[in-house]
Amino acid sequence: MDVKTAEAIAAGGLRHIAFIMDGNGRWAKVRGKTRNEGHRRGAEVFEKISEYCAEIGIRYVTVYAFSTENWKRPESEVSALMRLFSRYIDTALARLSEKKIRIVFLGDKSVFPEKLRQKMVSLEKRSSVYDRILNIAFNYGGRAEIVTACNMAIEKGASFLTEDDISGNLYTAGCPDPDLIVRTAGEMRLSNFLLWQAAYAEFYYTDTLWPDMTKEDVDAACVEFFKRKRRFGALPDDEKGGK
Ligand code: IPE
Ligand code: IPE
Ligand code: MG
């Protein structure tokens with residue numbers, strides 16, 4: 001990573017990056033491999049890229065690993081993804097303590113078998129001493145998240161909801177909104193990811209398939225991010241008072 005970009009990150013200019021990790025299936029197809037082999041490679045790349053983001057000083061990293069709609073895939077693919085996920089959790093704690101990364105799962109855990117659910121909760125608890133955050137969206141859907149947040153606020157006694165009531169009850173409560181959302185494999189859509197939190201995110205799309213994603217690709221996304229002029233609806237200082 002170049003010095004200027006590294007400094008801009010260190011100054012807090014890019015606190016939260018989110019990835020829609022897409023293209024595992026296409027990566028496998030062009031190589032004559034099975035989709036599940038694509039997911040296996042995708043999982044390795046996920047570990048490499050998420051750790052790299054922490055290394056370059058990005059405090060919050062979020063990855064979209066399995067959507068509420070991904071249950072519609074063939075049973076054999078869904079179970080392969082569940083196995084990969086479960087295996088990742090088994091090895092994650094040792095790796096993450098070395099890297100000092102805290103895991104938070106975004107999504108409804110109640111659908112998972114009790115043993116897996118307990119492993120998820122335990123990993124979240126045991127890694128909670130670290131303050132760099134890796135959010136893993138697994139069985140996550142943005143619309144469902146908003147509905148759940150509204151119902152939680154109502155349960156807590158609210159009868160008239162504010163934006164804070166909703167933000168404070170999302171799976172990402174306490175986490176700043178993503179500054180940058182990166183989607184691989186050329187699709188230009190959110191696919192139900194972080195619908196609320198993406199309000200002012202910058203978007204970066206690349207044709208690179210997720211299993212081919214490299215640290216250099218992350219650097220390129222960061223460089224592009226710092227070229228963007230974020231306005232949040234206002235006028236930048238140098239354009240104020242102009243005609
Ligand atoms: C992303 O890769 C991984 C998941 C959605 C679980 P895909 O499996 O969607 O890969 P493509 O889009 O078919 O290439
Ligand atoms: C989005 O990818 C979900 C994840 C990356 C986990 P999909 O491959 O499921 O999205 P669509 O179906 O192309 O919109
Ligand atoms: Mg896809």
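Start at 1 with the first residue, then count along the sequence. Both ligands and their constituent atoms are indexed starting at 1 by order of listing.
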Does any non-hydrogen side-chain atom of Asn70 lie less than 4.5 Å from one of Val78?
-> no
Protein contact to atom 10 (O) of ligand 1 [nearest heavy atom, distance to 0.1 Å] | Gly25 N, 2.9 Å
Lys29 near ligand 1 by a heavy-atom separation under 4.0 Å | no
Tell me which protein heavy atom sits closest to atom 14 (O) of ligand 2, plus the residue, atom name and distance to 0.1 Å.
-> Ser191 OG, 2.7 Å
Quick check: does Asn70 get an N/O under 3.5 Å from an N/O on ligand 1?
-> no
Can the ring centres of Tyr88 and Phe46 be said to be less than 6.0 Å apart?
-> yes
Report the part of Lys72 in contact with ligand 2, treating N, CA, C, O as backbone and CB onward as side chain, heavy atoms under 4.0 Å; options are side chain, backbone, both, neither.
-> neither
Glu77 versus His39, side-chain donor and acceptor atoms under 3.5 Å = yes
Can you tell which part of Phe66 has a heavy atom less than 4.0 Å from ligand 2: side chain, backbone, both or neither?
-> backbone
Are Thr34 and Glu37 linked by a side-chain donor-acceptor pair shorter than 3.5 Å?
-> yes
Which option, Glu187, Met21, Arg73, His39, owns the non-hydrogen atom nearest atom 5 (C) of ligand 1?
-> Arg73
Spell out, yes or no, whether Ile136 and Tyr171 are grouped together once hydrophobic residues are joined by side-chain heavy atoms under 4.5 Å, including indirect joins.
-> no
In plain terms, say whether Lys119 and Glu124 are close enough for a salt bridge, that is, a side-chain N and a carboxylate O under 4.0 Å apart.
-> no
Taking Asn151 for the side chain and Thr148 for the main chain, is one N or O donor matched with an acceptor at less than 3.5 Å?
-> no
Heavy atom of Ala185, distance to ligand 1 below 4.0 Å | no
Please identify which atoms of ligand 1 are closer than 4.0 Å to at least one heavy atom of Ala65.
-> 6 (C)
Contacts under 3.5 angstrom, residues 152-163 side chains, donor-acceptor by atom type, not counting sequence neighbours:
residue, atom, partner, partner atom, Å
Lys156, NZ, Asn169, OD1, 2.4
Thr162, OG1, Asp164, N, 3.4
Thr162, OG1, Asp165, N, 3.1
Thr162, OG1, Asp165, OD2, 3.2

Has ligand 1 got any nitrogen or oxygen that is less than 3.5 angstrom from a nitrogen or oxygen of Trp27?
-> no
If we number the atoms of ligand 2 from 1 as shown, the ones under 4.0 Å from a heavy atom of Arg189 are 11 (P), 13 (O), 14 (O)
protein heavy-atom neighbour closest to atom 2 (O) of ligand 2 works out as Arg183 NH2, 3.6 Å
Protein non-hydrogen atom found under 4.0 Å from atom 12 (O) of ligand 2 = no
Looking at Asp22, pick out the N, O or S atom nearest to the Mg ion (ligand 3) and give its name.
-> OD1
Any idea how Phe232 and Tyr200 line up, ring-wise: parallel (<30°), tilted (30 to 60°), or perpendicular (>60°)?
-> tilted
